[in-house]
Amino acid sequence: MTNPLEIPGFAHVYSGKVRDLYAPLAADGTVVADRLMLVASDRMSAYDWVLETPIPDKGAVLTRLSLWWFDQLKDLVPNHVVSTEVPDVVAGRAVIVRKLEMLKVEAIARAYLTGGGLEEYRATGSVCGVHLPEGLEDGSRLPEPVFTPTTKAPVGEHDLPMTPAEVAAELGADTAAEVSELTRAILARGNEIAAERGILIADTKVEFGREPGAPAGRGGLVLADEVLTPDSSRFWPADRWQPGRTQPSYDKQYVRDWLTSPESGWSKASGEAPPPLPEAVVAGTRAKYVEAYERLTGESF
Ligand code: ATP
Ligand code: MG
């Protein structure tokens with residue numbers, strides 16, 4: 001992984017697969033405890049690997065799209081955004097946020113069946129403890145969005161599915177119920193908005209946090225990280241949706257498909273780092289991310 005930027009006035013505190021986190025420094029050089037600057041890099045992750053080839057402008061697309069969605073969703077759920085006034089070196093791809101205590105759950109909801117959810121359904125007839133009708137195919141719409149949380153594994157490890165009992169044990173029953181409701185509501189509201197723009201959001205992952213010291217139990221959850229981006233969601237063009245096959249998409253599925261194709265020469269099971277992406281795949285991925293942004297927001301990137 002590339003070294004994080006040195007940014008005057010900020011101290012680097014953490015790097016995830018895609019984002020670099022910085023603590024703002026006060027005039028006397030001490031850390032501002034209740035704020036973070038989240039800088040989205042152009043790094044691409046797939047199958048829990050950080051790929052060695054960056055996707056130009058990806059960090060800016062993710063940041064701008066998340067800001068747009070946070071605003072669209074603000075009546076449904078409070079979010080962590082404080083300001084977009086950031087140093088020039090990271091302008092457009094960074095936000096100042098409230099520093100939260102993050103819940104140790106990746107909150108995933110699925111409105112359509114594909115990927116890991118489809119595999120589980122084929123094996124068991126249900127997904128994350130929710131029994132589903134027979135005869136569903138790759139890309140089928142679910143009767144209603146299903147909550148399918150996973151663990152938040154440390155860098156280098158894989159996120160694992162969590163049962164409802166495990167989520168309740170981790171978060172407490174009240175918070176677990178609230179996370180499930182909010183995650184499904186965010187996906188449902190997102191789909192209402194995206195439908196007007198010809199996009200289906202098949203599934204998505206969000207992360208919630210709480211202000212430090214906020215009481216546990218109902219209320220007080222804040223939507224953090226990123227929301228309804230092509231990194232965290234599957235976006236499908238509505239006019240080409242056809243259950244029973246892999247759907248065309250505006251998201252990182254394109255990269256996953258190339259990585260698992262014979263052309264890449266790489267196997268998921270090898271345990272080895274994936275190869276660099278060819279120029280055409282980089283350009284194709286960038287174009288898909290930009291198209292998702294432009295179609296959803298109606299703005300040109
Ligand atoms: P990981 O952090 O496990 O490596 P990731 O690779 O998806 O996951 P990134 O998106 O690259 O992570 O990094 C963002 C990190 O910042 C995540 O760990 C996320 O939980 C954390 N985060 C996001 N918003 C906030 C916030 N408001 N307060 C504290 N932490 C946050
Ligand atoms: Mg993340």
Closest heavy-atom contact between [X] and [Y]?
X	Y	answer
D251	R234	OD2-CA, 3.2 Å
V146	L142	CG2-CD1, 4.0 Å
A40	R19	CA-CG, 4.0 Å
Y121	G135	OH-N, 3.1 Å
F10	P24	CD2-CA, 3.6 Å
P54	E52	CD-O, 3.5 Å

Main chain of [Y], side chain of [X]: is a donor-acceptor contact present, judged purely on distance under 3.5 Å?
X	Y	answer
R64	G59	no
S233	T204	no
K152	D159	no
W236	Q242	no
N191	I201	yes
T63	R93	yes

>> side chain to side chain donor-acceptor pair (under 3.5 Å) for K58 and S41? Distances and angles first, verdict last.
In response: CA-CA 7 Å; K58 177 174 171 279; S41 73; over 6 Å; no
>> Testing the 3.5 Å rule here: is there a donor-acceptor pair between the side chains of E137 and S140?
In response: no
Roughly how far, to the nearest 0.5 Å, is [atom2] of [Y] from [atom1] of [X]?
X	Y	atom1	atom2	answer
E181	F147	CD	CZ	10.5 Å
L38	H80	CG	NE2	5.5 Å
I55	L277	CD1	CG	5.5 Å
Y250	E294	OH	CD	11.0 Å
L65	Y289	CG	OH	10.5 Å
C128	R110	SG	CZ	7.5 Å

> Between Y47 and H158, is a ring-ring contact (aromatic ring centres under 6.0 Å, His included) present by the stated rule, with each step listed?
Replying inline: CA-CA 8 Å; Y47 299 114; H158 298 285; 9.3 Å; no
> Should Y293 and L62 be counted in the same cluster of Ile, Leu, Val, Met, Phe, Trp and Tyr side chains packed under 4.5 Å apart?
Replying inline: yes
> Step by step, would you call E263 with W258 a side chain to side chain donor-acceptor pair (under 3.5 Å)?
Replying inline: CA-CA 7 Å; E263 206 196 313; W258 182 79; 3.3 Å; yes
>> When you compare the side chain of Y112 with that of D138, does any pair of heavy atoms fall below 4.5 Å?
In response: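 Side-chain contact under 4.5 Å: no.
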